[in-house]
K.L.:
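Below: one structure in structure tokens.
Because only heavy atoms are used, hydrogens play no part in the values below, and waters and symmetry mates are left out as well, while side chains stay in.
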Amino acid sequence: FRGEKEMQKKYANLTELHKDRDHVILTAHRGASADCPDNTLPAFERAVAAGGDLIEFDLRASSEGIPIVLHDATLDRTTNGKGEPEKLTLAEIKRLNASYAVGAERFDEPRMEGVTVPTFEEVLAAFSRRTLMNIQIYAKSDDVLREICRLYRAYGMYDRGYLSINNREQFDRVRELDAGIEICFLPGWENRSTPEALRLCRELGCRFVQPVRETVTAGTVALCRELGLRENLFFCDDPAEAVRLAREGVRGFLTNRITAMAPIRY
């Protein structure tokens, strides 16, 4: 994509990242999820080491309302537990091993020892000063949303991470709770790449958007430039395809294969 020193570049904040229009943003989807159990501390560690610009992860909650990092609505795929996390205490969740799934495969035995479902605070404590963040919200209550916003403030995530929200009511609620929290609004899947959706995101004050790769056109990219939006396509795991799209003007991808994608920049 760019010169040989690309991997050395680290952006102090989202503003710096947003301004560098030549840089191709790579966001590690659920961390280095093709190489490590997704949404775990080892996956995030691998993603940072590989040179990703952001780590992406998903927030749900325990029965006490403590935000935890988990993509699925249940614990079944990634752990040796069952059911919705909201029905278990944090102590019960922490007793589970969270390394049963790597990439698209679910294993009968854990792939790593000592890997647990992390809390949002654990991720912030370990990585808030080391990388930027794309934080997908699946909060089922206002109390959980409030706690997410509290932790965002407590760890100084202003201009270092944005909340990805697909629910307009929750979007507006976060703005009520703290107008300084950056948000990436995710309109409906089918409409996310449309001019109407992109213009809505701009009107809402978003700087980053997440159009769907299969529906992105040259017009999508051109409109993002016109509106001052930075697109992060969801998603691309093929380095050759990423190079082709970058030559066509795309300047951002979410990827499960950060260790394979990052080297093509240098």
K.L.:
For S164, run the side-chain contact (heavy atoms from CB on, under 4.5 Å) check against L186, I137, I135, N232 and tell me which one passes.
P.N.:
L186
K.L.:
Search all heavy atoms of M133 against all heavy atoms of V123 and return the closest pair with its distance.
P.N.:
CE-O, 4.0 Å
K.L.:
Do you reckon V174 sits in the same ILVMFWY cluster as L14, going by side-chain contacts under 4.5 Å, direct or chained?
P.N.:
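Each belongs to a different hydrophobic cluster.
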K.L.:
Name the atoms and distances for all side-chain donor-acceptor pairs under 3.5 Å in residues 80-90, with sequence neighbours left out.
P.N.:
residue	atom	partner	partner atom	Å
N80	OD1	N97	N	2.9
T89	OG1	E92	N	3.1
T89	OG1	E92	OE1	3.4

K.L.:
Take atom CZ of R21 as the centre, draw a 6.0 Å sphere, and report whether it contains more than 12 heavy atoms from other residues, nucleotides or ligands.
P.N.:
yes
K.L.:
Rounded to the nearest 0.5 Å, how far apart are CD1 of I66 and CD1 of I148?
P.N.:
12.5 Å
K.L.:
Side chains of T259 and D35 only: does a donor on one sit below 3.5 Å from an acceptor on the other?
P.N.:
yes
K.L.:
What is the minimum heavy-atom distance between Q210 and N134, and which atoms define it?
P.N.:
OE1-ND2, 3.3 Å
K.L.:
Check the hydrophobic clustering (I, L, V, M, F, W, Y; side-chain heavy atoms under 4.5 Å; chains of links allowed) and say if F127 and I68 are grouped together.
P.N.:
no
K.L.:
What residues join L198 in its hydrophobic cluster, counting side-chain heavy atom gaps under 4.5 Å, either direct or through other members?
P.N.:
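Besides L198, the hydrophobic cluster comprises V209, L223, L227, L229, listed by chain and residue number.
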K.L.:
With H71, which residues qualify under ring pair (Phe, Tyr, Trp, His ring centres under 6.0 Å), at least two apart?
P.N.:
none
K.L.:
When hydrophobic residues are tied together by side-chain contacts of less than 4.5 Å, even through go-betweens, does L96 share a cluster with V115?
P.N.:
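Shared cluster, no.
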K.L.:
Hey, what do you get for CE (M261) to SG (C236), rounding to the nearest 0.5 Å?
P.N.:
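Spacing of CE (M261) from SG (C236) equals 4.0 Å.
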K.L.:
Distance check, rounded to the nearest 0.5 Å: I264 atom CD1 versus L26 atom CG?
P.N.:
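If I round to the nearest 0.5 Å, the distance is 7.0 Å.
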K.L.:
I'd like to know if R111 and E105 make a salt bridge, using a cut-off of under 4.0 Å between side-chain N and carboxylate O.
P.N.:
no
K.L.:
If you count every heavy atom of other residues, nucleotides or ligands that lies below 6.0 Å from E190 atom CD, does the total exceed 12?
P.N.:
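Not more than 12 within 6.0 Å, no.
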K.L.:
Taking the six-membered ring of F235, is NZ or CZ of R213 closer than 6.0 Å to its centre and within 45° of its axis?
P.N.:
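Yes, R213 lies over the aromatic ring of F235.
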K.L.:
Taking V216 as the starting point, is it possible to reach F253 by hopping between hydrophobic residues whose side chains are less than 4.5 Å apart?
P.N.:
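Looking at the clustering, V216 is in the same group as F253.
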K.L.:
Would S62 and E64 count as having a side-chain donor-acceptor pair, cut-off 3.5 Å?
P.N.:
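Yes, E64 and S62 have a side-chain donor paired with an acceptor closer than 3.5 Å.
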K.L.:
Looking at R257 and D237, would you say the former's side chain and the latter's main chain have a donor-acceptor pair under 3.5 Å?
P.N.:
yes
K.L.:
So Y11 and H23, would you call those rings parallel, tilted or perpendicular, with 30° and 60° as cut-offs?
P.N.:
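Y11 vs H23 ring planes: tilted.
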K.L.:
Are E231 and R192 close enough, and set up right, to give a salt bridge (charged side-chain N to carboxylate O under 4.0 Å, His left out), and what steps lead you there?
P.N.:
CA-CA 11 Å; E231 73 278 3; R192 199 176 291 177; over 6 Å; no
K.L.:
Is V221 linked to F234 within one hydrophobic cluster, defined over Ile, Leu, Val, Met, Phe, Trp and Tyr using a side-chain heavy-atom separation of less than 4.5 Å?
P.N.:
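Cluster IDs for V221 and F234 differ.
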K.L.:
From N166 CG over to Q136 CD, what is the distance, rounded to the nearest 0.5 angstrom?
P.N.:
6.0 Å
K.L.:
Within a strict 4.5 Å, meaning less than it, do heavy atoms of the L204 and R168 side chains meet?
P.N.:
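Side-chain contact under 4.5 Å: yes.
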K.L.:
Would you name the heavy atoms of I258 and G52 that are closest together and state the gap between them?
P.N.:
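So the two residues come closest at CD1-CA, 3.8 Å.
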K.L.:
Got a salt bridge between R173 and E176, using NZ or NE/NH1/NH2 to carboxylate O under 4.0 Å?
P.N.:
yes
K.L.:
If you look at every heavy atom in L151 and P67, which pair is closest and at what distance?
P.N.:
CD1-CG, 4.2 Å
K.L.:
Going from CD1 on I181 to CZ on R153, what distance comes out if it is rounded to the nearest 0.5 angstrom?
P.N.:
6.0 Å
K.L.:
Quick one: does S193's side chain have a donor or acceptor within less than 3.5 Å of a partner on P211's backbone?
P.N.:
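A pair under 3.5 Å: no.
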K.L.:
So which of F120, Y158, Y162 actually passes ring pair (Phe, Tyr, Trp, His ring centres under 6.0 Å) with Y152?
P.N.:
Y158
K.L.:
Measure across G156 and R160 and return the closest heavy-atom pair with its distance rounded to 0.1 Å.
P.N.:
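Minimum heavy-atom contact is O-CD, 4.1 Å.
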K.L.:
Could you give the distance from CD1 (I25) to CG (L233), rounded to the nearest 0.5 Å?
P.N.:
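Reported value, rounded in 0.5 Å steps: 11.0 Å.
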K.L.:
Between E203 and R199, does any NZ, NE, NH1 or NH2 come within less than 4.0 Å of an OD or OE carboxylate oxygen?
P.N.:
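No.
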K.L.:
Does a salt bridge link D159 with R207, judged by any charged N lying under 4.0 Å from a carboxylate O?
P.N.:
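Salt bridge present between D159 and R207.
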K.L.:
Any salt bridge linking K19 with E16? Criterion: basic side-chain nitrogen under 4.0 Å from a carboxylate oxygen.
P.N.:
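Judged by the 4.0 Å cut-off on N to carboxylate O distance, K19 and E16 do not form a salt bridge.
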K.L.:
Can you name the nearest heavy-atom pair linking P37 to M112, along with the distance?
P.N.:
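In this case the closest contact between P37 and M112 is CD-SD, 3.5 Å.
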